[in-house]
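Accompanying notes for the structure given below.
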2 protein chains.
Amino acid sequence: MANIQQVARAAGVSTATVSRYFAGLSVRSHDAIAHAVALLDYTPSPVARSLKSGRNHAIGVIVPDITNPFFAALVKGIESEARGSGFELILGNSDEDAAIESSLVAAISQRVDGMIIAPVVEDDAAVAGFIAGGSPAVFVDRDIVAGVVGETAARQTVDRVLVDNAAGAALAVEHLAGLGHRAIAVISGPLDSTPGRARHAGFLDEMARLGLPMSADLVRISDFREEGGYTSMAELVDLPERPTAVFVANNLMAIGALRLLNDRQIPVPGSVSVIGFDDLSFAPLLNPPLSVIRRPDVLQGATAARLLLRRLLAKPGEEIPPERLSLPVELVIRGSTSRPNPEGTR
Amino acid sequence: MANIQQVARAAGVSTATVSRYFAGLSVRSHDAIAHAVALLDYTPSPVARSLKSGRNHAIGVIVPDITNPFFAALVKGIESEARGSGFELILGNSDEDAAIESSLVAAISQRVDGMIIAPVVEDDAAVAGFIAGGSPAVFVDRDIVAGVVGETAARQTVDRVLVDNAAGAALAVEHLAGLGHRAIAVISGPLDSTPGRARHAGFLDEMARLGLPMSADLVRISDFREEGGYTSMAELVDLPERPTAVFVANNLMAIGALRLLNDRQIPVPGSVSVIGFDDLSFAPLLNPPLSVIRRPDVLQGATAARLLLRRLLAKPGEEIPPERLSLPVELVIRGSTSRPNPEGTR
DNA sequence: GCGCGGACTGTAATCGATAACAGTGAGGTT
DNA sequence: AACCTCACTGTTATCGATTACAGTCCGCGC
């Protein structure tokens, strides 16, 4: 690849003039430079530009699992928003592992101008360091909790794009209770994650508000993975008093739960109603079609990207107060939830 | 972030010595430097290193649609392979659009050392330029065809990781024919893509080999998207002589096709058998469970990454002959395929 | 004591671009 | 004619690291 010196020589000007040409300033030798550029197929080196300017024109995106359709949709939303602005995406997949997440953040923090992070846990020193270093970040599905490393810095320059997890969980409980269910179980995600905790709390609060009984047996804390949903559901159906309905706190665990019910040939919703959190494009085609709490996934990514780009494109000195957005969720009723079967639970 | 000068000053040595310290050479002031580095929290700037060395320690990954579970799995495979080697991933989503793909390649080609591309079409000048510039690339699902821009350069330095598309299509036909189907339709992808063409040809060849009748009505050329599968299936079921089985050449179109059948309440496989290409984690849970031709998706990504890294890590001057790997596919029989219903097609 | 080799070190050029600064020359004004 | 202004241009330092080259210093052998 040609460099600016070769172009300058070919056009008979200095490198400064070529640089100005690319900055859009008016230049006497405009045509000669254009000709030399075309001839040599020259593009300014982004690396050299980065070094000089301190800006990378790249944003880091860290997700726990790109094969989870929700995160894929999130990345798609981010991508479409970033592309137009000339920012590249550097992607990291943390595999739901906090240590990997940490090392990913450390590895890319000098190559990006900002990050969008859907964190595994809420306390990550590498993320805190990135933010403390003055770089902007946007948290997806992670609120800022007190007493955590880097909390102070985060309150100032970190935007958050959340969904109303608690309301979603409440919506699910309300729906099931409205159908007549009383013995409602929950398969929750890790409680040290924002969505895990918020959905769990939303579930319990709504159960209490409706005066529904809640036994410890009916509460399973799992891991947001398909296998976790599978084994948790196995534990629930083996209970002496099997629940008539289950709220599963994310999409992968819901798939795992359905798979267990399928394997055991337990009719859904005949014997157990199931409702998940996070929609799936193929949810209507499942057997039975899965009722879910849906959130705007692509939009959540696009919003995160927009908040980040707003900071990155701000004029120096411009103060931008951190945003905390909460996107609405909705109940999508399909075939996996129905009235409880009066003939008993088996 | 501190720079090498500050570290050098703090340790009382020159920048060259600090640089050598990081290169692992033996240095008298080892401890003083280590101390200064820890104190200042210094990490060498990857941008400055890139500029000096000409290597970016990044690989570009371009996929048509990250929300397609196959590509998500592919990226996961690439990611896990790249992480260990200290290479970052720069991701681009082309949205199945050749022009976007082109501009993505152009935008990142100076920021990466190599690319893994799952191309939309087979002829892309930007990709050809990247390769002609001496950078290695790996094609996923795209063979090198004669007469295309950059063909010559590509033959020398481009590895390919394919799957045996034709064999997969033949396997599907064989399965359906074995069940007794004769009127078998196909919903193919774009014929200017390698998998589109190879699966299409594999289908037609096997139909001919088995002596099964083939009418133009039964051949639909679509676009590998869910909506395309939906509309193509609508055309097929409206045919006066409705086929008893359909081979759908990718996963998203298969979902679309199932959705149409679902919407029209056409029993599967009672009225029409359906078999897809590319498995889905939730395929067993669909209604009915979808029979598919399966390929090793994560492995395909990991393999592509390994081939690319092998070139990137090679000693200068080392000649590496280009590989063309074809991974095996397998038939997964589930509930969406059965014997044709003798009572007719409706 | 002198010279030599080996181990380490500092100086300075370099990668490719940008931008502050100091010209340069054409055109207009007095 | 002298001078000023304006629009553009070239020279050069700079971003942060690496590395060729040219030392420096120490211990050892003669």
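Protein chains get the first letters and strands the later ones, always in sequence-line order, with residue 1 at the start of each. Here the structure is a predicted model, which is why all the values come from computation and not from measurement. Note that these values count all heavy atoms, side chains included, but never hydrogens, waters or copies made by symmetry.
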Practice task
List in chain and number order the residues that pass salt bridge (Lys or Arg N to Asp or Glu O under 4.0 Å) with A/D113, two or more places apart in sequence or in another chain; answer none if no residue qualifies.
Solution key: none
Problem - Nucleotide D/dG10, atom P - distance to OH of A/Y21 in whole Å - result: 16 Å
Exercise for the section: Give a yes-or-no answer on whether the side chains of B/D141 and B/T194 include a donor-acceptor pair shorter than 3.5 Å. Expected result: no
Problem - Residues which pass salt bridge (Lys or Arg N to Asp or Glu O under 4.0 Å) with B/R310, listed by chain and number, not counting sequence neighbours - result: B/D159, B/E323
Completion exercise
Rounding to 0.5 Å, atoms CZ (B/R83) and OG (A/S103) come to a distance of 6.5 Å
Practice task
Find the bend of the helix from C/dG1-D/dC30 to C/dT30-D/dA1 as the angle between its two terminal axes (five pairs each), to the nearest 10°.
Solution key: 70°
Problem - Value in whole Å for how far the P atom of C/dG10 lies from CG of B/L25 - result: 14 Å
Practice task
Only one of A/I90, A/I59, A/I108 passes side-chain contact (heavy atoms from CB on, under 4.5 Å) with A/M115; say which it is.
Solution key: A/I108
Handout entry: Residue list, side chain to side chain contact (heavy atoms under 4.5 Å, CB included) with B/L39, at least two apart or on another chain
Key = none
Exercise for the section: Please report, rounded to the nearest Å, how far the C1' atom of D/dC8 is from the CZ atom of A/R28. Expected result: 4 Å
Problem - With sequence neighbours excluded, residues passing ring-ring contact (aromatic ring centres under 6.0 Å, His included) with B/F139 - result: none
Handout entry: Reading 5' to 3' through nucleotides 13-23 of chain C, protein heavy-atom contacts under 4.0 Å coded B for base, S for sugar-phosphate only, - for none
Key = -BBBBBB----
Problem - B/F87 side chain near B/E81 side chain, heavy-atom distance below 4.5 Å - result: no
Handout entry: Contact under 4.0 Å: B/S26 side-chain N or O vs C/dA7 OP1/OP2
Key = no
Exercise for the section: Report which part of the nucleic acid A/S29 touches: base, sugar-phosphate, or nothing (heavy-atom distance under 4.0 Å, all strands). Expected result: sugar-phosphate
